[in-house]
Asker: 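What follows is a single structure, and I will ask about it in a moment.
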Number of protein chains: 2
Amino acid sequence: MSKSIETQKNAPPGRAPRNDGSSGGRMAGGERRQQIVRVAMRLFSQRGFSGTTTREIAQEAGVSEAMVFKHFATKEDLYAAILDHKACAGDMGDACAALGGAMERGDDAAVFSGLAQGVLHFHEHDTDFARLLMHSALQGHELFQMFWERNVRQMARFLCGYIRERQQAGALRDMEPMVIARAFIGMTLYHSLVNIIFDPQRSLLDIPNERAAQEFTEILLHGVATQATAGKSITKPSGQKKGLSTVRQSVAIAAKKKKSRS
Amino acid sequence: MSKSIETQKNAPPGRAPRNDGSSGGRMAGGERRQQIVRVAMRLFSQRGFSGTTTREIAQEAGVSEAMVFKHFATKEDLYAAILDHKACAGDMGDACAALGGAMERGDDAAVFSGLAQGVLHFHEHDTDFARLLMHSALQGHELFQMFWERNVRQMARFLCGYIRERQQAGALRDMEPMVIARAFIGMTLYHSLVNIIFDPQRSLLDIPNERAAQEFTEILLHGVATQATAGKSITKPSGQKKGLSTVRQSVAIAAKKKKSRS
DNA sequence: GTCTATACACCGATAGAC
DNA sequence: GTCTATCGGTGTATAGAC
């Protein structure tokens, strides 16, 4: 967690405060633009697009409102510039590349754990942008869809590919790869969502990213049941064409044991 | 300009359309109020609080704007009424009660699967409210915090209690219960989020709730690693001093047994 | 109860001085 | 490049007729 909410006290009317530690002199064009973007991202991430006024942005950035519109023709342009800047980077490529070694070794724990750490780290150090993404997702903004396509979705497909490989190698059970990928991304992302949105006070569970990533990986790979109960459990999945042979087997074993269902 | 926000077909000016199938006659006071709340919930859930105007609400509800303010003193009051109505119901109590049987039998699969189904079903049939909750979470609305406290958090604690019980019975591994609970709620909730917010077209994975609940349960309880690799790495002690050792061990073992390949 | 008409603050965006 | 001043439009909320 970083400088997420450092609300400098409200600006005295008529005088523009600096929120960035700059000395107050003139800034180069590019720098000023970047400053506006930074402030806008923080405000948009806190109050949403329509909940933030260009006046507030200008004020907190220490410039007049006209300056904002000199750099960005419309408010929407400013919003898009923020999303565009980061959302389209497609950082997933780098992140996945860094896992290449672990993948080749078939080190599942390192692959999953590394991936989770990447996601958690990103959210922790770019909280504002993560919140902004949620806002834009709810609005159905087209730039979120681009982010989804180029990052989350690509990561899911990447993960599916790896899972499929490992299934063929006999290391992973024969379940639908996308279900596995979603389960793991779900654990990870939800953990971040709780930390930065749902319960920022971390009153329920506050653990370092590395440990969270490892625990989730452990759960994904080996589950939480002890060996003693490993054979029993699970109700029968309704008929699905797909290959769920492993599940079916455990179902068959479990069949004798129960009269379940509620 | 700023029309990126999913534009529902604009209402023809001058005449108020009915969006709820009512015939257009007068309504009783309570009914009218309910009608306004329903429309408002849909609009708020799509465009957010500040992104929705009282004019739009009145128009789509088929009444004049003044009527809205007769029933609700302010826009915020209307917003709060919606959240208050559902968020404070504390439905978790009922949901958990329904699992009592499975709990007493120690049928872990039924407990987890039932819980997941409850959550997934709720989101599927109350999509608008789920989206509204996300909006209110992002703006840190106090009524979301109440929802969080009375529902999600209570569910997490409930789950933790059950997990702890089962750990003492030797059925579940000795991990931090809250981590397990979060992992499972995470899989489930993220699945819903993808379905209703991130990727409503369901282009990646579209499976019925029952199957999703069962697959996630299976993963949580038994993991995705095959038996061949499963037994060799789980010796996790409760000691959390480093947490690394276990994972590292399994990594080392897994790395060695590589190359077997199909 | 329901409407029309309107008050009035504020928002996004622009013009033009320095 | 940066400001002050301001415009037209829209938003919430209210008054008062029917």
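Predicted model only: the values in this text are computed from it and were never measured. All chains are named by letter (A, B, ...) in the order of the sequence lines, taking the proteins before the strands, and each is independently numbered beginning at 1.
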Asker: Taking atom C1' of dG1(C) as reference, at what distance in whole Å does atom CD of Glu31(B) sit?
Answerer: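 In whole Å, dG1(C) C1' lies 14 Å from Glu31(B) CD.
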
Asker: Hey, what are the protein-to-nucleotides 13-18 of chain D N/O distances that come in under 3.5 Å?
Answerer:
unit_1	atom_1	unit_2	atom_2	d
dA13(D)	OP2	Lys75(B)	N	2.7

Asker: Output the rounded distance in Å from CZ (Phe44(A)) to C1' (dG12(C)).
Answerer: 12 Å

Asker: Tell me the interatomic distance from Met67(A), atom CE, to dT4(D), atom C1', rounded to whole angstroms.
Answerer: 14 Å

Asker: Run the side chain to side chain contact (heavy atoms under 4.5 Å, CB included) test against Ala116(B) and tell me which residues pass, sequence neighbours left out.
Answerer: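 In terms of side chain to side chain contact (heavy atoms under 4.5 Å, CB included), with neighbours along the sequence ignored, Ala116(B) is linked to Phe184(B), Thr188(B), Ala213(B).
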
Asker: Categorize Ser50(B) for me: base, sugar-phosphate, or nothing, with a 4.0 angstrom heavy-atom threshold over every strand shown.
Answerer: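 No contact at all - Ser50(B) keeps every heavy atom at 4.0 Å or more from the nucleic acid.
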
Asker: With under 30° as parallel and over 60° as perpendicular, where do the rings of Phe122(B) and Phe147(B) fit, or are they tilted in between?
Answerer: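 Plane angle under 30°, so parallel.
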
Asker: Out of curiosity, Glu124(B) CD to Ile196(B) CD1, how far, rounded to the nearest 0.5 Å?
Answerer: 10.0 Å

Asker: Taking the side chain as everything from C-beta on, heavy atoms only, tell me whether Gln46(A) gets closer than 4.5 Å to Leu43(A).
Answerer: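 A side-chain contact exists here, since the closest heavy-atom pair is under 4.5 Å.
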
Asker: Nearest 0.5 angstrom please: His135(A) NE2 to Leu83(A) CG, how far?
Answerer: 11.5 Å

Asker: Between dC3(D) atom C1' and Arg32(A) atom CZ, what is the distance in whole Å?
Answerer: 12 Å

Asker: Just to be sure I understand the rule, does Thr53(A) reach a base, reach only the sugar-phosphate, or reach nothing, if contact means heavy atoms closer than 4.0 Å?
Answerer: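 Answer is sugar-phosphate: Thr53(A) comes under 4.0 Å of backbone atoms only.
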
Asker: Ile57(B) has an atom CD1; how far is it from atom P of dT12(D), in whole Å?
Answerer: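 Nearest whole value for this atom pair: 8 Å.
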
Asker: What integer distance in Å separates Gln59(B):CD from dG11(D):C1'?
Answerer: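 Result: 14 Å.
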
Asker: Sequence neighbours excluded, which residues qualify as salt bridge (charged side-chain N to carboxylate O under 4.0 Å, His left out) partners of Arg47(A)?
Answerer: Glu56(A)

Asker: Round to a whole Å and report the spacing from CG of Asp77(B) to P of dT12(D).
Answerer: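 So the two atoms are 14 Å apart, to the nearest Å.
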
Asker: Measure from OH on Tyr79(B) to P on dT12(D) and round the result to the nearest Å.
Answerer: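 Those two atoms, OH and P, are 14 Å apart.
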
